[in-house]
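Before any comments, here is the structure.
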Amino acid sequence: MRRALALPLAVLLGISLAVPVAAAPRPGGVFPTLSRNLVAFYDFEHPVPGRPEQEADQGRSGTEITLVNGGARMRVPDGVSGRNALQVKQVNPGRKGTDDWKAGLYSAGGVPTLRAFNGARTATVMGWVKMTGENPSPNPGSSTPGARYGAVGLVGLLSGDSDGHAVRALLELITVDGELRLVALGRRVDGAASQTFAAKEDWRKLLPQNEWVFLAAVYDYDNGTMALYRNGRPIDGFYADQRDPWAVVGEPEPDLTSATDPRGIKIGGSFPQNTREGNPCDCRLDDLMFLDRAVHPLEILLQYHWARR
C-alpha cells in the first residue's frame with residue numbers, strides 16, 4: 001500500500017519513473033528511479049568469487065572494494081534489506097598499527113571506473129549506519145594520554161589527489177565549533193579548501209547506539225550547497241565556512257569538480273590502502289550508494305522506505 005501511494009506522488013513532483021516498478025531490473029535494495037545514476041552500490045551480499053575479502057559492486061561501474069584486515073569476517077548477519085551488513089572497528093586501541101577493520105579501495109593513479117565523478121556537477125552519498133561501540137576511538141598515535149581521534153569516518157569518495165584521507169564527498173562525524181557533529185564534507189577542487197555542512201542536533205541523538213539509521217548527503221558543486229538527511233527527512237544544519245571555499249562565485253560556469261578520477265572509496269576510516277590508521281568507526285554499514293546526481297528529497301524518503309519494506 002505504501003508503494004502504491006508513493007509513486008503517484010513522485011510523478012506529481014516531477015520525478016521520472018520510466019522503469020515500471022514491477023519489472024525494474026535493479027539491485028533489491030534500490031528504489032527504481034535511482035538505478036540509472038547508481039555508480040557504485042555495496043550491499044555486502046556479493047563477495048567476489050574466489051576472493052571473499054572483496055565485495056562486488058552492484059552499481060553500474062563494477063568498482064570492487066576490499067574488506068581490509070577482517071576479510072569475510074566483516075560480513076555480519078545484521079543486514080537492513082538483505083542478510084549481511086559490514087562491521088568496521090578499531091581492533092587495538094592501545095597500539096599504533098594497521099589492523100583496523102575498514103573497507104574501500106585506493107589507486108594513486110585514480111580509479112577509472114569512478115570517472116562519473118570526474119568533472120562532476122553534483123553527487124549523492126547514501127547508506128545505513130548503526131553505531132556498535134565506542135566513538136570516537138582512542139588515538140594510539142597521540143602522545144597525549146587518553147587522546148581520541150577528532151573524527152569518525154563513515155563513508156566517502158576520495159579526491160583525485162588524495163593520500164587516502166582527502167575527499168571529494170564524505171559522510172562523517174567531525175568537530176565543528178567545538179563539538180563533534182554529523183557532517184557532509186565536500187571538496188570541489190583537488191588540493192583546495194573543503195566545505196562542511198554540520199548538523200545542529202547532537203550526533204548521539206541522530207545516531208543512537210545499536211539502531212540502524214539511513215543517512216544521505218547531497219552535493220551541488222555548481223551552486224556551492226550541500227544537504228543532509230536522516231531516515232528520509234532533512235537535517236537542520238549550518239555551513240562551517242560562511243565564505244566561498246569552493247570558489248563558485250563568478251565565471252566561468254558551470255562549477256565542476258576537478259577533472260580527475262577519484263583515487264578510491266573509504267568506508268569506516270581513512271587510508272583504505274592500509275598504510276596507516278585514521279578516524280576509525282566502531283559501527284556497521286549497509287546498502288552504501290554513490291550516485292552521480294543530486295538525488296531529489298522525495299527519492300531519499302522513498303529509498304528509506306523501500307529498503308525497509
Side-chain angles (χ1 to χ4, degrees), residues 2 6 27-31 34 41-45 74-90 101-103 124-137 149 151-157 169-176 179-185 196-219 226-238 265-269 279-291 295-309:
R2 179 171 59 223
V30 179
F31 189 71
L34 303 179
F41 174 59
Y42 305 101
D43 61 6
F44 306 105
E45 310 290 341
M74 296 169 66
R75 295 185 187 90
V76 295
D78 188 24
V80 175
S81 63
R83 181 177 186 273
N84 294 328
L86 176 73
Q87 177 74 61
V88 293
K89 62 181 180 179
Q90 184 179 56
W101 284 15
K102 53 191 172 183
T124 301
V125 177
M126 302 195 289
W128 291 84
V129 180
K130 177 196 276 192
M131 292 303 194
T132 54
E134 187 179 24
N135 291 293
S137 298
Y149 286 102
V152 180
L154 299 177
V155 55
L157 181 75
L170 175 68
L171 271 165
E172 74 169 348
L173 302 175
I174 195 170
T175 302
V176 181
E179 293 183 26
L180 196 69
R181 298 179 187 271
L182 174 65
V183 308
L185 187 149
T196 300
F197 182 79
K200 292 181 179 179
E201 191 169 359
D202 189 318
W203 75 268
R204 289 160 292 197
K205 293 183 179 179
L206 295 171
L207 291 170
Q209 195 80 347
N210 297 314
E211 180 180 318
W212 279 112
V213 175
F214 181 61
L215 297 178
V218 179
Y219 305 82
M226 291 181 285
L228 275 172
Y229 298 81
R230 178 188 186 274
N231 290 346
R233 304 293 182 180
I235 297 175
D236 191 19
F238 62 94
I265 288 170
K266 63 177 183 177
I267 301 167
N279 302 335
C281 183
D282 195 327
C283 61
R284 292 176 179 177
L285 304 108
D286 199 10
D287 287 359
L288 302 180
M289 308 167 72
F290 300 80
L291 300 103
V295 174
H296 191 284
L298 178 59
E299 289 177 291
I300 293 173
L301 177 61
L302 294 176
Q303 173 60 36
Y304 165 66
H305 288 293
W306 188 263
R308 299 169 67 244
R309 73 196 193 286

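Nearest heavy-atom pair, L86 versus A103, reported as atom, atom and distance to 0.1 Å: CD2-CB, 3.9 Å. For the residue pair C283 and L154, the shortest heavy atom distance occurs at SG-CD2, 4.5 Å. The shortest heavy-atom contact between I265 and F290 is CG2-CZ, 3.7 Å. When all heavy atoms are compared, the tightest approach of L291 to L34 is CD2-O, 3.6 Å. Here the shortest heavy-atom pairing between M126 and A216 reads CG-CB, 3.5 Å. Summarising the geometry of L180 relative to W203, their closest heavy-atom pair is O-CD1, 3.3 Å, with the distance given to 0.1 Å.
Using cut-offs of 30° and 60° on the angle between ring planes, the pair Y304 and F214 is parallel.
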Report task. Carefully, step by step, assess F238 and V176 under the rule side chain to side chain contact (heavy atoms under 4.5 Å, CB included). Result -> CA-CA 10 Å; F238 62 94; V176 181; 3.8 Å; yes
Report task. Apply the test side chain to side chain contact (heavy atoms under 4.5 Å, CB included) to residues L207 and L215: give CA-CA distance (whole Å), side-chain angles for both, the deciding distance (0.1 Å), then the verdict. Result -> CA-CA 10 Å; L207 291 170; L215 297 178; 4.0 Å; yes
Requested in this report: Dump the intermediate steps for side chain to side chain contact (heavy atoms under 4.5 Å, CB included) on V30 and W306, then the final yes or no.
Outcome: CA-CA 7 Å; V30 179; W306 188 263; 5.6 Å; no
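We find the CG-CZ distance between D287 and F44 to be 8.5 Å, quoted to the nearest 0.5 Å. Rounding to the nearest 0.5 angstrom, the gap separating the CZ atom in R308 from the CH2 atom in W128 is 5.5 Å. To the nearest 0.5 Å, atoms CD (E172) and NZ (K266) are separated by 6.5 Å. Taken from CE in M74 to CG in L285, the straight-line distance is 9.5 Å, to the nearest 0.5 Å. Atom CG of L228 and atom CG of L171 lie 6.5 Å apart (nearest 0.5 Å). We find the CG-CD distance between L182 and E201 to be 10.0 Å, quoted to the nearest 0.5 Å.
A donor-acceptor contact shorter than 3.5 Å links the side chain of Q303 to the backbone of G29. Judged purely by atom type and a 3.5 angstrom limit, S137 has no side-chain atom pairing as donor or acceptor with the backbone of Q90. Listed for the E45 side chain is a donor-acceptor partner under 3.5 Å among the backbone atoms of N84.
By the salt bridge (Lys or Arg N to Asp or Glu O under 4.0 Å) test, D78 is found to be paired with K130, R284, residues two or more places apart in sequence or in another chain being considered. For T132, the side chain to side chain donor-acceptor pair (under 3.5 Å) partners are Q87, D282, not counting sequence neighbours.
Counting heavy atoms from C-beta outward, N135 and C281 have side chains that approach closer than 4.5 Å. Side-chain contact between M131 and V213: absent, with no pair of heavy atoms (C-beta onward) separated by less than 4.5 Å.
With L288 as the partner, the side chain to side chain contact (heavy atoms under 4.5 Å, CB included) test is satisfied by one option alone out of D43, V125, I267: I267.
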